[in-house]
Amino acid sequence: MGTVWVLLCVALSLGSFASAGNESVSNGGLEMNYYRDSCPQAEEIVQEQVRLLYKQHKNTAFSWLRNIFHDCFVESCDASLLLDSTRKSVSEKETDRSFGLRNFRYLDSIKEAVERECPGVVSCADVLVLSARDGIVSLGGPYIPLKTGRRDGRKSRANVLEMYLPDHNDTISTVLTRFKAIGIDTPGVVALLGAHSVGRTHCVKLVHRLYPEVDPTLDAGHVEHMMKKCPDAIPNPKAVQYVRNDRGTPMKLDNNYYRNLMDNKGLLIVDQQLYADPRTRPYVKKMAKKQDYFFDKFAKAITTLSENNPLTGTRGEIRQQCFRANKLHLNQK
């Protein structure tokens, strides 16, 4: 999952940011088991596909978890992330901010399996959210009941990415403000960043902490490991050069991430700031001590994220294919 949530940056004016936040907390139209009549097997099909893909390609679970963040955080949970570029617009997934996102073809496979059962009924946005839910379970995390009933957007939001997503180099104040705008509180932020318990971070995102001088806040032993994995001050972004987010349990979503922070082994600046800042440190300590507490706050934050300003009712469409919008003459169910 690379920088799993290599969060993004850039500030909005307080006025426009507040209005976006007020709009985003709406989840009207979503409900549990939305497809119980129109496609009763939908959630089971997604679950089975996620299991099969995880068995064949374990890193898909990181992708499902990262997808929900990158899609739902930016204005609406509407699968805009999945759209390919067109002659008129660049897709979100092809921007620099989406560096490391992958496995979209497998998500297309999940959608195709659902389409075979119920053509034109289940949205890509719901497939994206449900695959994240089941991917979290594959990684040893909690099962999180999530509502469905989303519809798909028709356009990429690449032009506004910078306005919403925080960056891994941002201050904690900026990160907390971004999350608060969609209804996620401080313990929720700390819990969501616990997704960095799994996956890996590309050296491109780390070398500024190693070269030309080593960040003095890093554990000396961990620096040695990082420099071995990232020997070049200017790494090739296309090369397979990375550091596991958690050397202890790299494939398991657990609270070992927080213990690493307390030992000065956080890879990204935003990670280490969680323990350094007095607003977030108490939650790092509590999550390091109690995994159940971490899972509880993580589940609540994922739920809030998944309900960020969805398209429901007559808004949006049900895409036939997740990588492109339907032709306008198609009738939507």
Hydrophobic clusters here meaning ILVMFWY residues chained together by side-chain heavy-atom distances under 4.5 Å, can you tell me if Val223 and Tyr211 are in one? yes
Test log, rule side-chain contact (heavy atoms from CB on, under 4.5 Å), inputs Ile318 and Val122: CA-CA 7 Å; Ile318 305 299; Val122 181; 5.8 Å; no
Side chain to side chain contact (heavy atoms under 4.5 Å, CB included) against Tyr34, all qualifying residues, sequence neighbours excluded: Glu31, Thr148
In Å and rounded to the nearest 0.5 Å, what is the CE to CG distance from Met32 to Leu146? 6.5 Å
Contact list for residues 117-150, test disulfide bond (SG atoms under 2.5 Å apart), sequence neighbours left out: Cys39-Cys118, Cys124-Cys322
Identify which one of Leu53, Thr60, Leu82 satisfies the side-chain contact (heavy atoms from CB on, under 4.5 Å) criterion when paired with Leu107. Leu82
Scan residues 231-263 for pairs that pass ring pair (Phe, Tyr, Trp, His ring centres under 6.0 Å), counting only residues two or more places apart or in two chains. Tyr258-Phe294
Using the rule that two of Ile, Leu, Val, Met, Phe, Trp, Tyr join whenever any of their side-chain heavy atoms come within less than 4.5 Å, decide whether Leu192 and Leu128 are in one cluster. yes
What pairs meet the disulfide bond (SG atoms under 2.5 Å apart) rule with one or both residues in residues 142-223, with sequence neighbours excluded? Cys203-Cys230
Hey, could you give me the OG1/CD distance between Thr280 and Gln273, rounded to the nearest 0.5 Å? 8.0 Å
Hey, could you give me the NE2/CG distance between His168 and Asp170, rounded to the nearest 0.5 Å? 9.0 Å
Residues that Arg279 engages under salt bridge (Lys or Arg N to Asp or Glu O under 4.0 Å), provided they are two or more places apart: Asp277
Honestly curious: do Leu139 and Phe69 fall in one hydrophobic cluster under the side-chain, below-4.5 Å linking rule? yes
Please enumerate all residues that pass salt bridge (Lys or Arg N to Asp or Glu O under 4.0 Å) together with Glu48, with sequence neighbours excluded. Arg51
For Arg324, salt bridge (Lys or Arg N to Asp or Glu O under 4.0 Å) partners two or more places apart: none
Hey, could you give me each pair passing salt bridge (Lys or Arg N to Asp or Glu O under 4.0 Å) that has a residue in residues 222-237? Not counting sequence neighbours. none
Tyr143: which residues meet the side-chain hydrogen bond (donor to acceptor under 3.5 Å, both in side chains) condition with it, sequence neighbours left out? Arg133
Might you confirm whether atom CD of Gln56 has over 12 heavy atoms from other residues, nucleotides or ligands at distances under 6.0 Å? yes
Roughly how far, to the nearest 0.5 Å, is the CD1 atom of Ile302 from the CD1 atom of Ile68? 5.0 Å
For Thr174 and Thr177, which I'm curious about, is there any donor-acceptor pair between the side chains at under 3.5 Å? no
Stepwise side-chain hydrogen bond (donor to acceptor under 3.5 Å, both in side chains) check, Arg150 with Ser76: CA-CA 10 Å; Arg150 298 164 192 79; Ser76 174; over 6 Å; no
Which residue pairs pass the side chain to side chain donor-acceptor pair (under 3.5 Å) test when at least one of the two sits in residues 261-270, sequence neighbours left out? Asn264-Gln272
Under the salt bridge (Lys or Arg N to Asp or Glu O under 4.0 Å) test, residues paired with Lys297 that sit two or more places apart: none
I need the Lys180 NZ to Thr186 OG1 distance, nearest 0.5 Å. 8.0 Å
Less than 3.5 Å apart, any donor N or O on the side chain of Glu92 or Ser80 sitting next to an acceptor on the other? yes
Between CG on residue Asn59 and CZ on residue Arg200, distance to nearest 0.5 Å: 7.0 Å
If hydrophobic clusters are built by linking Ile, Leu, Val, Met, Phe, Trp and Tyr wherever their side-chain heavy atoms come under 4.5 Å apart, do Ile182 and Val160 end up in the same one? yes
Contact list for residues 265-294, test disulfide bond (SG atoms under 2.5 Å apart), sequence neighbours left out: none
State whether a side-chain donor-acceptor pair under 3.5 Å links Asn169 with His208. yes
